[in-house]
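Quick note on labels: first sequence line is chain A, next is B, and so on, each numbered from 1.
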Amino acid sequence: MGKKVALTGNEAAAHAIRQINPDVIAAFPITPSTPIPQAVAQFIADGEMDTELVTVESEHSAMSACIGAAAAGGRVMTATSANGYALMWEMLYIASGMRLPIVMAVVARALSSPLNIHGDHSDIMGGRDTGWIQLISENSQEAYDNLIQAVKIAENKDVMTPALVAQDGFNTSHTIEIWELEDDQKVKEFIGEYEPLYPMLNTDEPITHGAWAPPNWYFEHKMNQLKGLLNAKDVVEKVGKEFGDAFGRYYGLYEAYKLDDAEYVIVAAGSVCGTTKDVVDELRENGVKAGLLKIRLFRPFPYKELAEALQSAKAIAVLDRVSPAGAQGGPLFTEIRSALYDTLSRAPVINYTYGLGGRDTQPKHINSVFETLKKIVETGKVEKQFDCLNLRGVWR
Amino acid sequence: MAEKLLNWDEVLIGGVIKDPGNSKQYETGSWRVERPVWNPDTCIQCMFCWVYCPDSAIKVDENGKMAGIDYTYCKGCGICVEQCPSKPKSLKMILEAEAKGKTEEELRKEVFSSEK
């Protein structure tokens, strides 16, 4: 059992980083993740960590420095949000292509424009195909637990792929919650020592990192990279179980909340799942078979397992905290619908965009989603495949 | 040089190269549109061309002296010609098309005849 503490999601991430004590952190401040490197800098100044903190002039440089340090053979971490994450774009692909197991805390935030510093998933969803493992946290406890697990997942020899752990800007990052902080030594033992595969600083075995691959090599390297990312699925499950054995909190690929016999199901990721669980509890008390499928691992997307978990549903609503940007729906919606296509279920699947730029999503809004699902089952008709939650004006 | 083309599950992780020096297998001389021609008669052996050549395409003999250009790798960038300090210059660029079918000696005579 850990020690119960009342701290923010950012502090949860910072404490995880302190206990992981990576060799190098290169970071640039951006709201709402700034308190993470700020707290880390304090830990280093206080002698609680011996990490080399590289202060850089941009997030592009932050990820570049992380890549260099990781290629050298170090255990490397960083943190960012929104436009900072977007500025890393080019380097995110390079980190995953070079198979460097960098672990990054992302405090998910809206992208400009209009300028907005509040929470949504525009950043991480935009970067979903950069080849990184993506774990999404519901609360501070998960932000802490996931970061520790991410190190072990990313550094697994069959994976060797960078991983990001997302938490929701402000909803989680700046909210004080009670969560369990584990013992420093136990965390160190859990993650173990990092043994890089091909450290550049090993002069006994000189190697080249970041070489070019002409058309007769590139394709093979990219598919080799994809296999590493896909291997992460089994490792996420394995590490989730090991984490449970060590600390008492078990993690899987996703969380099924009252899902076994659920007829009306919401699929969502992040802090909105807390609100949704409350609504599900209330509906269950009134005999309504409501349930929640909470996404934990978004990349690689565990489509078979998620589709299997949705087989009891009579109607499904997928909540995306990002604009569909011209697609049939949000990224989570299209993935879930696609996953269901190969199964027996022909339950209607609808999509909502919610919470953009920090827009509040309250129990009454989640209730309205379940109301709509009930109506769809009763009438057999889907009036709107796509809609918005808590948007002024009727979306049409 | 023949290279074994590995399958996707055989390549080294992350495109890491364990065997150094394999850029030799890549004959960049085929990129050339122009080529430098060298005149040993006016060359002062300053070795500036060797220092500046980005492709290590300046040949050096056993005495450490400039011994010509390695056209297997020379991309024809012209940096050696820019750097050559001798008067007149001992390196000159010509179009690759003009070099077709001619020996190095023939080209040398043709390019530097007025300066001999």
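When each of B/L12, B/D19, B/V16 is tested with A/I207 by the rule side chain to side chain contact (heavy atoms under 4.5 Å, CB included), just one qualifies, namely B/V16.
Formation of a donor-acceptor pair under 3.5 Å by the A/N224 side chain with backbone atoms of B/W8 is found in this model.
Enclosure of atom NZ in B/K65 is not indicated, since only 12 or fewer non-hydrogen atoms of other residues, nucleotides or ligands lie within 6.0 angstrom. Within 6.0 Å of NZ on A/K227 lie no more than 12 heavy atoms contributed by other residues, nucleotides or ligands. Within a 6.0 Å sphere centred on CD of B/E10, other residues, nucleotides and ligands contribute more than 12 heavy atoms. The environment of OH in B/Y71 is crowded: more than 12 heavy-atom neighbours from other residues, nucleotides or ligands sit within 6.0 Å. Atom CD of B/Q45 has more than 12 heavy atoms from other residues, nucleotides or ligands within 6.0 Å.
Here the shortest heavy-atom pairing between A/A211 and B/G15 reads CB-O, 4.4 Å. Listed here is the closest heavy atom pair of A/Y198 and B/K18: CE2-CD, 3.8 Å.
Taking CD from A/E220 and CG from B/L5, the interatomic distance works out to 7.5 Å, rounded to the nearest 0.5 Å. To the nearest 0.5 angstrom, A/M160 atom CE is 5.0 Å from B/I13 atom CD1.
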